[in-house]
Student: 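Structure provided below as structure tokens; questions to follow.
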Amino acid sequence: MSEPLDILAIMAHPDDAELLCGGALAKSADTGERTGIIDLTRGEAGTLGTPEQRSQEAARAAEILGLAVRRNAGLPDTRLASTHEARRTVATLIRELRPRIVVTHYLSGRHPDHRRAAELVYDACFLSGLKGFDAPGQAHRPDKVIHAMTFREDAVKPTFVVNVTDQLERKLEAVACFVSQFGGAVQAGEVFPGGRPLDEQIRAQSAAYGSLIRVPYGEPFWTRETVSADTLGSLRVSTY
């Protein structure tokens with residue numbers, strides 16, 4: 001059995017993790033945390049590129065982000081759903097990789113696969129911990145499921161924001177690996193056009209999130225549960 005992962009992003013398509021939480025993944029890798037990505041589909045229904053191209057691009061991006069592992073679940077693009085078979089597929093990978101923290105999509109999104117992936121991943125993380133669930137491997141349930149809020153205009157206030165100032169350039173480099181998808185693009189996935197190149201739009205959004213925690217660049221996340229603080233004195237981010 002391989003060494004467990006600390007952080008595992010499970011996203012609908014190759015390039016989703018880079019866009020939504022690439023900076024945070026790179027930062028975790030920088031601190032020595034074993035980090036990985038599962039792409040649920042090959043993106044075969046996309047308008048641009050081929051699954052083979054996207055697989056090669058994903059491999060290059062994984063190297064830039066410092067991932068320990070990247071897998072593809074092989075589920076059908078545009079047809080993601082929290083079915084028994086899909087939950088079993090994802091639970092099998094969770095049991096194999098044994099992540100402590102799982103990151104996935106926010107609960108809403110304009111791409112149906114994004115919001116359905118959030119439900120599927122949440123369900124699979126729970127079921128993976130049931131000894132009697134009929135998926136291969138030893139039962140394992142991640143400690144926490146985190147939803148990436150980047151680019152969501154309808155989302156609630158983030159539970160927390162990760163300072164990715166030192167990792168933003170690598171995030172942009174990883175996103176740029178997906179030439180088949182983003183060459184000359186001004187929008188992507190949940191990134192709406194802003195009258196500027198995609199990398200500038202990502203930088204502008206990251207700056208807005210960073211301002212919430214008084215740093216140059218940040219990535220926002222949301223959890224169902226309340227996040228605890230050790231003491232009042234340990235709280236950061238100035239009120240004034």
Side-chain angles (χ1 to χ4, degrees), residues 7 9-31 33 35-37 39 43 46-49 53-54 56-67 70 103-106 108-111 114 117-118 146-222 236-238:
I7 312 294
I10 308 180
M11 300 291 180
H13 312 103
D15 72 43
D16 282 339
E18 283 78 6
L19 285 167
L20 297 176
C21 58
L25 294 179
K27 186 168 189 175
S28 287
D30 288 348
T31 63
E33 293 177 338
T35 308
I37 293 174
D39 302 308
T47 302
L48 302 172
Q53 285 176 306
R54 298 186 76 169
Q56 294 169 2
E57 292 164 348
R60 289 196 294 271
E63 293 181 6
I64 291 169
L65 295 178
L67 302 184
R70 187 166 200 158
V103 185
T104 191
H105 292 271
Y106 190 63
S108 60
R110 62 175 179 164
H111 195 310
H114 291 180
I146 297 170
H147 298 271
M149 291 175 55
T150 307
F151 312 116
R152 292 306 319 150
E153 298 177 358
D154 55 351
V156 298
K157 195 169 185 177
T159 304
F160 62 92
V161 175
V162 175
N163 179 358
V164 298
T165 302
D166 293 339
Q167 290 77 30
L168 185 69
E169 297 307 321
R170 278 168 55 210
K171 169 182 175 142
L172 293 174
E173 185 180 355
V175 169
C177 286
F178 294 89
V179 177
S180 68
Q181 306 301 303
F182 305 140
V186 296
Q187 66 181 73
E190 303 297 333
V191 188
F192 288 92
R196 67 192 84 178
L198 179 63
D199 61 338
E200 293 184 20
Q201 185 71 353
I202 293 172
R203 191 183 298 276
Q205 292 269 357
S206 300
Y209 301 132
S211 71
L212 299 179
I213 57 170
R214 320 300 187 250
V215 301
Y217 298 110
E219 288 179 342
F221 299 89
W222 177 82
R236 301 172 62 186
V237 182
S238 170

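Heads up: numbering here begins at 1 and tracks the sequence.
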Student: Could you tell me the separation between the CE atom of Met149 and the SG atom of Cys21, rounded to the nearest 0.5 Å?
Tutor: 13.5 Å
Student: Mind checking what makes salt bridge (Lys or Arg N to Asp or Glu O under 4.0 Å) contact with Glu33, not counting sequence neighbours?
Tutor: Arg100
Student: Applying salt bridge (Lys or Arg N to Asp or Glu O under 4.0 Å), run through Glu18 and Arg70 and close with a yes or a no.
Tutor: CA-CA 12 Å; Glu18 283 78 6; Arg70 187 166 200 158; 2.6 Å; yes
Student: Run the side-chain hydrogen bond (donor to acceptor under 3.5 Å, both in side chains) test against Tyr209 and tell me which residues pass, sequence neighbours left out.
Tutor: Gln205
Student: CG/Leu20 to CZ/Phe151 distance, rounded to the nearest 0.5 angstrom?
Tutor: 7.0 Å
Student: Has Arg214 got a side-chain atom pairing as donor or acceptor with Ser238's backbone, closer than 3.5 angstrom?
Tutor: yes
Student: With sequence neighbours left out, which residue pairs that include part of residues 156-169 fulfil the salt bridge (Lys or Arg N to Asp or Glu O under 4.0 Å) condition?
Tutor: Glu169-Arg203
Student: CD1/Ile202 to CG/Leu19 distance, rounded to the nearest 0.5 angstrom?
Tutor: 5.0 Å
Student: When rounded to the nearest 0.5 angstrom, what is the spacing between NE2 in His147 and CZ in Arg152?
Tutor: 13.5 Å
Student: Within this structure, what is the CD1-CD1 distance for the pair Ile37 and Ile7, rounded to the nearest 0.5 Å?
Tutor: 12.0 Å
Student: Any chance you could lay out the salt bridge (Lys or Arg N to Asp or Glu O under 4.0 Å) test for Glu219 and Lys171, step after step, and finish with the verdict?
Tutor: CA-CA 11 Å; Glu219 288 179 342; Lys171 169 182 175 142; 2.7 Å; yes
Student: Do Glu57 and Ser180 get their side chains close enough for a donor-acceptor pair, meaning under 3.5 Å?
Tutor: yes
Student: Which distance, rounded to the nearest 0.5 Å, do you find between the NE2 of His13 and the NE2 of His105?
Tutor: 7.0 Å
